[in-house]
Amino acid sequence: VQLQASGGGLVQTGGSLRLSCAASGRTFSSYVMGWFRQAPGKEREFVATISRNGVSTDYAESVKGRFTIARDNAKNTMYLQMNSLKPEDTALYYCAASRVYSSNWSQYHYWGQGTLVTVSS
């Protein structure tokens with residue numbers, strides 16, 4: 001599966017953005033999907049994951065209550081709605097696909113190119 005993330009940009013503290021991840025192919029619904037991010041000088045970290053049918057989700061503690069992950073299997077697309085953004089949310093955001101439900105980036109074998117989110121203070 002090939003993935004392309006979009007929707008990043010510059011936003012002020014407290015603002016919102018919605019990221020999208022478009023997948024190619026007809027097997028999107030067979031993958032667990034996730035969002036990860038990497039800030040400059042920091043390691044890649046887990047943000048959120050969603051099960052194949054969208055029923056189960058999991059979030060990093062740092063984004064719980066502010067971010068919402070969703071997917072539309074009919075459109076081969078995953079989303080990340082980000083509200084109440086903070087400067088510490090600034091990072092390159094990646095979407096990824098996995099065969100297992102996991103928050104561990106090493107379990108994800110297909111990655112998009114990343115979309116940059118910058119939150120100004």
Side-chain angles (χ1 to χ4, degrees):
V1 62
Q2 291 183 321
L3 305 173
Q4 182 158 357
S6 62
L10 175 63
V11 64
Q12 291 185 333
T13 296
S16 298
L17 281 175
R18 188 177 81 154
L19 305 184
S20 297
C21 177
S24 64
R26 294 178 288 179
T27 60
F28 177 72
S29 61
S30 69
Y31 290 96
V32 172
M33 297 297 296
W35 287 99
F36 294 80
R37 66 187 182 186
Q38 188 166 17
K42 294 188 176 181
E43 294 186 352
R44 181 170 16 185
E45 65 174 358
F46 167 73
V47 175
T49 187
I50 187 166
S51 61
R52 294 173 181 81
N53 59 8
V55 171
S56 297
T57 58
D58 193 18
Y59 297 90
E61 285 296 324
S62 59
V63 307
K64 274 184 181 178
R66 300 188 298 122
F67 290 11
T68 302
I69 189 172
R71 67 189 296 164
D72 185 338
N73 286 343
K75 295 182 178 180
N76 282 5
T77 304
M78 174 181 64
Y79 306 97
L80 185 69
Q81 178 65 44
M82 305 186 295
N83 299 329
S84 303
L85 283 161
K86 305 174 181 180
E88 51 263 43
D89 294 318
T90 295
L92 194 59
Y93 282 71
Y94 296 93
C95 59
S98 174
R99 291 294 191 183
V100 298
Y101 190 74
S102 174
S103 61
N104 187 334
W105 65 264
S106 67
Q107 298 292 326
Y108 289 75
H109 301 295
Y110 302 96
W111 293 81
Q113 84 288 2
T115 185
L116 182 62
V117 172
T118 304
V119 184
S120 63
S121 57

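Below, all heavy atoms of this structure are taken into account, side chains as well, without hydrogens, waters or symmetry copies.
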Worksheet entry | Y108-F36 aromatic ring centre distance below 6.0 Å |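 Aromatic pair counts; centres sit under 6.0 Å.
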What closest approach, in Å, do [X] and [Y] show between heavy atoms, and which atom pair accounts for it?
X	Y	answer
S103	F46	O-CB, 3.4 Å
V119	T90	N-OG1, 2.9 Å
S20	T77	CB-CG2, 4.4 Å
D89	S84	OD2-O, 4.4 Å
V1	S24	CG2-O, 3.3 Å
G114	L92	C-CD1, 4.0 Å

Would you say [Y] ends up clustered with [X] if hydrophobic residues are merged whenever their side chains have heavy atoms under 4.5 Å apart, either directly or through other cluster members?
X	Y	value
V47	M82	yes
V63	V117	yes
Y110	M33	yes
W35	V32	no

Do [X] and [Y] have side chains that get closer than 4.5 Å, going by heavy atoms?
X	Y	answer
L19	Y79	no
L10	L116	no
Y101	T49	yes
H109	S98	no
L17	L85	yes
S62	R37	yes
S16	V11	no
N83	F67	no

Fill in: side-chain contact (heavy atoms from CB on, under 4.5 Å) evaluation trace for Y59 with T68
CA-CA 8 Å; Y59 297 90; T68 302; 3.8 Å; yes
Fill in: OG on S56 to CD1 on I69, rounded to 0.5 Å
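So the gap between those two atoms works out to 11.5 Å.
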Worksheet item: OG of S30 to CG of N73: how many Å apart, nearest 0.5 Å?
Response: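 One finds 9.0 Å between OG of S30 and CG of N73.
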Worksheet item: Given the rule in the side chain to side chain donor-acceptor pair (under 3.5 Å) test, do S106 and N104 qualify, once you have shown the distances and angles that lead to the verdict?
Response: CA-CA 5 Å; S106 67; N104 187 334; 2.8 Å; yes
Is [X] atom [atom1] crowded by more than 12 heavy atoms from other residues, nucleotides or ligands, each under 6.0 Å away?
X	atom1	value
W111	CH2	yes
Q4	CD	no
E88	CD	yes

Worksheet item: Would R71 count as a cation-pi partner of F28, with NZ or CZ less than 6.0 Å from the six-membered ring centre and within 45° of the ring normal?
Response: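 Yes, R71 sits over the ring of F28.
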Practice prompt. Find out whether the Lys NZ or Arg CZ of R99 is both under 6.0 angstrom from the six-membered ring centre of Y31 and within 45° of the ring's axis.
Written response: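 Yes, R99 sits over the ring of Y31.
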Worksheet item: Step by step, would you call R18 with L80 a side-chain contact (heavy atoms from CB on, under 4.5 Å)?
Response: CA-CA 6 Å; R18 188 177 81 154; L80 185 69; over 6 Å; no
